[in-house]
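First comes the structure, then the notes that go with it.
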Number of protein chains: 2
Amino acid sequence: MSAQLASNAIMFDIRTAKRSIGIAPTQTTVTSIDDGVEAMEMMGARMTFDRDAEIFGESEAADFVYRVVSGAVRTYKLLSDGRRQIGDFHLAGDLFGLEAGAEHRLSAEAICKTEVMVFRRANLFSLAARTPAVGRALWAETARELERAQTHLMLLGRKSACERVASFLSALGEREPKASEIALPMSRQDMADYLGLTIETVSRTFTQLQSDGVISLSGCRRVHVKNRGALARLSA
Amino acid sequence: MSAQLASNAIMFDIRTAKRSIGIAPTQTTVTSIDDGVEAMEMMGARMTFDRDAEIFGESEAADFVYRVVSGAVRTYKLLSDGRRQIGDFHLAGDLFGLEAGAEHRLSAEAICKTEVMVFRRANLFSLAARTPAVGRALWAETARELERAQTHLMLLGRKSACERVASFLSALGEREPKASEIALPMSRQDMADYLGLTIETVSRTFTQLQSDGVISLSGCRRVHVKNRGALARLSA
DNA sequence: CGTATCGTTGAAATATATCAATCGCAGTGG
DNA sequence: CCACTGCGATTGATATATTTCAACGATACG
């Protein structure tokens, strides 16, 4: 694994630790020394992965849960002949690799140099067993993933190439509602494998959206959304 | 809602009630009178829905969880112009309509005359708050749904029409590993909207699989799998 | 037994894929 | 600093899988 284990995190406040795995800190309070110990165990180690480095593989033991600190991650499945379907992209702040079962059901790779925090699943589980709020937060996270997958199903099953690209850009744009400039950490191939298209079709669609005045490209990894409304309408 | 509320269930054993919502009965035991009361509340009312009757709609309050007793259910999303993507089919024994959040994110309809058991979500939640095993079972159920969705994404994004139909039949066939006869409760349109195809393509693929000797059709709702291996191979 | 709905088949249209060539930028070494 | 190199992106021409449009057939239902 082409990753380097960085120094352990230095935070000590349990609320910070819990926020760092996506659990609202107001929902739990420090009530005992055990919780303090738990907090230390919960705090993730930081790791960095190079571009295209594997973070975990499909059907590997899911002993860790990850949170993107910086960079971007793709999760995907492969068919035996190499066809790839990307399930989701995970950007800064996103959790990934959380499984209810013992094994990962998708593989995960860093899209670019990526820093993540790593949490022991066993610690989350034991914490959840004692703190109902934590258990519910884990469930809610899986439910969020499911919701995204269901939206993705609609995109793949029933939308045209143009609608897929527009939906994708719209969704990315909504992560920064103020900014109209979208940075694309992923390649055209990654987008194609996420959208169920080929690179050529993705590329052609970008240039068409550009000539229609909906977006403008400044280098292939930087999109300026000139007409957010049009993009939303094209998303169907 | 074209459904009739049947007489309340008559079971009283809490283990039966818990098994009926998909929680391994061995993991919990009756320890108090409260549990007994809980069991009564848990036990679902039986309801029947006519063909094409709506069970719940997208973004409706998710106050109930359902289990198919007999018949079949489709869950789906619609685009504003009427395009439909079916998320999943639920057959006898399957749970559906379970949400971590307050609202349903898909609509559900009976495919044929269908009997379901209905459970109050609030009861499940309060039980889960006290019984970690129940909470984990709910999470596991959502995780199962997510896993199915991820497989479905692969199908829609990267498989050919023939591979989609073969995958679909294979998966249905695996529900009855012994029997080689598959009953299709759903129409060609339902299959098309599940597989991201048109009815014509589904129909043509069926006839092609038949002329290739992989399946044989006895009436359009009954498929005899003549060559399970070939079907699996065609599923990619 | 008639009628409506669903499924099948055919022919033509089209969106997207495939194959192939060129472009352009980022990194590298002279 | 500039040319060289290589990979990713774009563009073009062509192929093709699937859709669309249309007619016909079968099946279930009243």
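Each chain gets a letter, A, B and so on, in the order the sequences are listed, and its residues count up from 1. Nothing here was measured: the structure is a model prediction, and the numbers come from that model.
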Five-pair end axes of the helix from dC1(C)-dG30(D) to dG30(C)-dC1(D) and the angle they enclose, rounded to 10°: 40°

Ring centre gap for Tyr194(A) and Phe89(A) strictly below 6.0 Å: yes

Within 6.0 angstrom of Arg83(A) CZ, more than 12 heavy atoms from elsewhere: yes

Rounded distance in Å - CD1 (Ile199(B)) to P (dC21(D)): 12 Å

His104(B) side chain to Glu60(B) side chain, donor-acceptor N/O pair below 3.5 angstrom: no

Arg74(B) and its side chain to side chain contact (heavy atoms under 4.5 Å, CB included) partner, picked from Asp193(B), Ile55(B), Ile86(B), Asp88(B): Ile86(B)

Check: Ser167(A)/Ser170(A) side-chain N/O donor and acceptor closer than 3.5 Å: no

Protein-to-nucleotide contact annotation, 5' to 3' order, nucleotides 12-20 of chain C [B base; S sugar-phosphate only; - none; under 4.0 Å, heavy atom]: ----SSBB-

Ion pair check, Lys113(B) and Asp50(B), cut-off under 4.0 Å: yes

Gln208(A) CD - dA9(D) C1' separation (whole Å): 17 Å

Polar contact flag, side-chain donor to acceptor under 3.5 angstrom, Glu58(B)-Tyr76(B): no

Nucleotide dG8(D), atom P - distance to CZ of Phe206(A) in whole Å: 17 Å

salt_bridge(Arg84(B), Asp190(B)) N-O dist < 4.0 Å: yes

Whole angstrom value for the distance that separates C1' of dC7(D) from CG of Asp190(A): 14 Å

Positions of residues 180-189 of chain B (non-hydrogen atom under 4.0 Å from DNA chain C), listed by number: Ser187(B), Arg188(B)

Donor + acceptor pair across side chains of Lys77(B), Ser107(B) (<3.5 Å): no

Side-chain ion pair, Glu145(B) and Arg148(B), N-O less than 4.0 Å: no

Spacing between Met191(B) atom CE and dT18(D) atom P, to the nearest angstrom: 17 Å

Residue Arg228(B) excluded, over 12 heavy atoms near CZ under 6.0 Å: yes

Atom pair distance, as rounded to whole Å: CZ in Arg83(B) and C1' in dT19(D): 13 Å

Between dG8(D) (C1') and Asp193(A) (CG): distance, integer Å: 14 Å

Atom-to-atom span, CZ of Arg221(B) to C1' of dG7(C) - whole angstrom: 10 Å

